[in-house]
There are 2 protein chains.
Amino acid sequence: MKTHSVRDQLLEHASVLIRQRGYNGFSYRDLAELVGVKTSSIHYYFPAKDDLVLEVVRLYRERSQARLAAIDTSLPLIEQAERYVGPLRNDIELNQICLAGMLSAEVLALPDAIRSYLQAHFQANETWIANLLRRAETERGQPYPVPPQLLAKVLYGAIQNGIITARMSGSSDRLDAAADMLLGAVRGSMCAVTEHEPAMA
Amino acid sequence: MKTHSVRDQLLEHASVLIRQRGYNGFSYRDLAELVGVKTSSIHYYFPAKDDLVLEVVRLYRERSQARLAAIDTSLPLIEQAERYVGPLRNDIELNQICLAGMLSAEVLALPDAIRSYLQAHFQANETWIANLLRRAETERGQPYPVPPQLLAKVLYGAIQNGIITARMSGSSDRLDAAADMLLGAVRGSMCAVTEHEPAMA
DNA sequence: GTCTATAAGGCGATAGAC
DNA sequence: GTCTATCGCCTTATAGAC
């Protein structure tokens, strides 16, 4: 069993730091202390901060895409949805908010190359959800009250915001609401009116 | 007509800077140059950066709350929804993302006092939307497929994320999707199945 | 590859003249 | 109130020894 190279450790810890404090919220000094090297060693692997962050984002996209692709499309749709939603709730407990979600707020301070990766991340997740909803729609033979692609945009946005605001409010309420609504939509509860009582008049 | 005091200008420009680049993304130097004073003058009004930001957030909450309260609750519900959603699309064209949405990502680097204001902002908006949806529900006499409070959480989260990602992708698609869904929900299109065609099999 | 040393400038913040 | 001047520290980044 081989230990992780310094380069790998740098990328790993940089990812955590960015997700916690953002691009402008961490320094080469912070990162160096975490890994146990001097800042000049970071420059050896990543001459400029942008080089480091770009590689962190590239790796994140790669893994995130692989995780999406690993959800077997022949499974029952509801189970696919659960495999999509499950890890999100785990991440929250570790204060591990989505890298793309974090950086999307700082986008004006980021190089264009990074911006492209962030867009790709949002696009890929929206498309995945939209496809799931479309299949659920045809499987049921009854359309949603809202086009699947639009519903996917709303749900993924709500998921992203739910993750980000979880550490603000110390609660995963918002993520849970979005996740439940996604699962509900796949189950078809958005077509059949359910039994919750309306508010008082 | 009196000109704005230096203090007011500082607060105004600081708000813009934070909304563009975040708490860690602007300096007293940036702000001083915008207002046309020296950095030491900023310290005269706001001894520490946290004092400045806290006051910016307090003011934002105050105005935001006033804007919510200014929507006449005796108007038709759909018109209330339109008055809520309309300004959001305007802000996007000015690259003016929500202050609370921006700072919510940086929450780990912020003093607790600020955190409280951010929570209050999200809470207030969710509650306003939830009340609107509840009234729409009783007016129609038919419940949503999803509880209004949950729907409000999802929709406001999607709105927030739509605003933030607009300047990443150069498009207001996500905000539009969330806004349209909110308007649709008030109109009742989430209870009656509409006429959009399901996807190919 | 990793270090020491250092550059060149940014940062928030303070003292004190006016 | 606003300024000049300055402090002490942090930032990214580089040069060169080992």
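Lettering follows sequence order; numbering is per chain, from 1. This one's a predicted model, so the numbers in the text were calculated from it and none came from an experiment.
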Does [X] make a side-chain N or O approach to OP1 or OP2 of [N] shorter than 4.0 Å?
X: A:K49; N: D:dT12; result: yes
X: A:S27; N: D:dT11; result: yes
X: A:Y44; N: D:dT14; result: no

Proximity to the side chain of [X] - top-ranked nucleotide from [options]:
X: A:V37; options: C:dC3, D:dC3, C:dC11; answer: C:dC3
X: B:Y28; options: C:dG1, D:dT12, C:dG12; answer: C:dG12
X: B:Y45; options: C:dC3, D:dC3, D:dT2; answer: D:dT2
X: B:S41; options: C:dC3, D:dC3, D:dT14; answer: D:dC3
X: B:T39; options: D:dG1, D:dT4, C:dA13; answer: C:dA13

A:K38 charged N/C atom sitting above A:Y28 aromatic ring, 6.0 Å / 45°:
no

Roughly, in whole Å, what's the span from [atom1] in [X] to [atom2] in [N]?
X: A:H43; N: C:dT4; atom1: NE2; atom2: P; result: 15 Å
X: B:L52; N: C:dC11; atom1: CG; atom2: P; result: 14 Å
X: B:E33; N: D:dC3; atom1: CD; atom2: P; result: 13 Å
X: B:N24; N: C:dG10; atom1: CG; atom2: P; result: 18 Å
X: B:D30; N: C:dC11; atom1: CG; atom2: P; result: 6 Å
X: A:L10; N: D:dT12; atom1: CG; atom2: P; result: 14 Å
X: A:R29; N: C:dC11; atom1: CZ; atom2: C1'; result: 13 Å
X: B:I42; N: D:dG1; atom1: CD1; atom2: C1'; result: 14 Å

May I ask you to test the B:R7-B:L11 pair for a side-chain heavy-atom distance under 4.5 Å?
yes

Between CD on residue B:Q149 and CG on residue A:D173, distance to nearest 0.5 Å:
8.5 Å

Does B:F46 reach a base, just sugar-phosphate, or nothing at all? Heavy atoms under 4.0 Å.
nothing

Indicate yes or no for a side-chain donor-acceptor contact from B:K153 to the backbone of A:L175 under 3.5 Å, with no hydrogens or angles considered.
no

Do A:D30 and A:R21 meet the salt-bridge criterion of a basic N to acidic O distance under 4.0 Å?
yes

Using only modelled atom types and a 3.5 angstrom limit, is any donor from either the side chain of A:S40 or the base of C:dT4 paired with an acceptor on the other?
yes

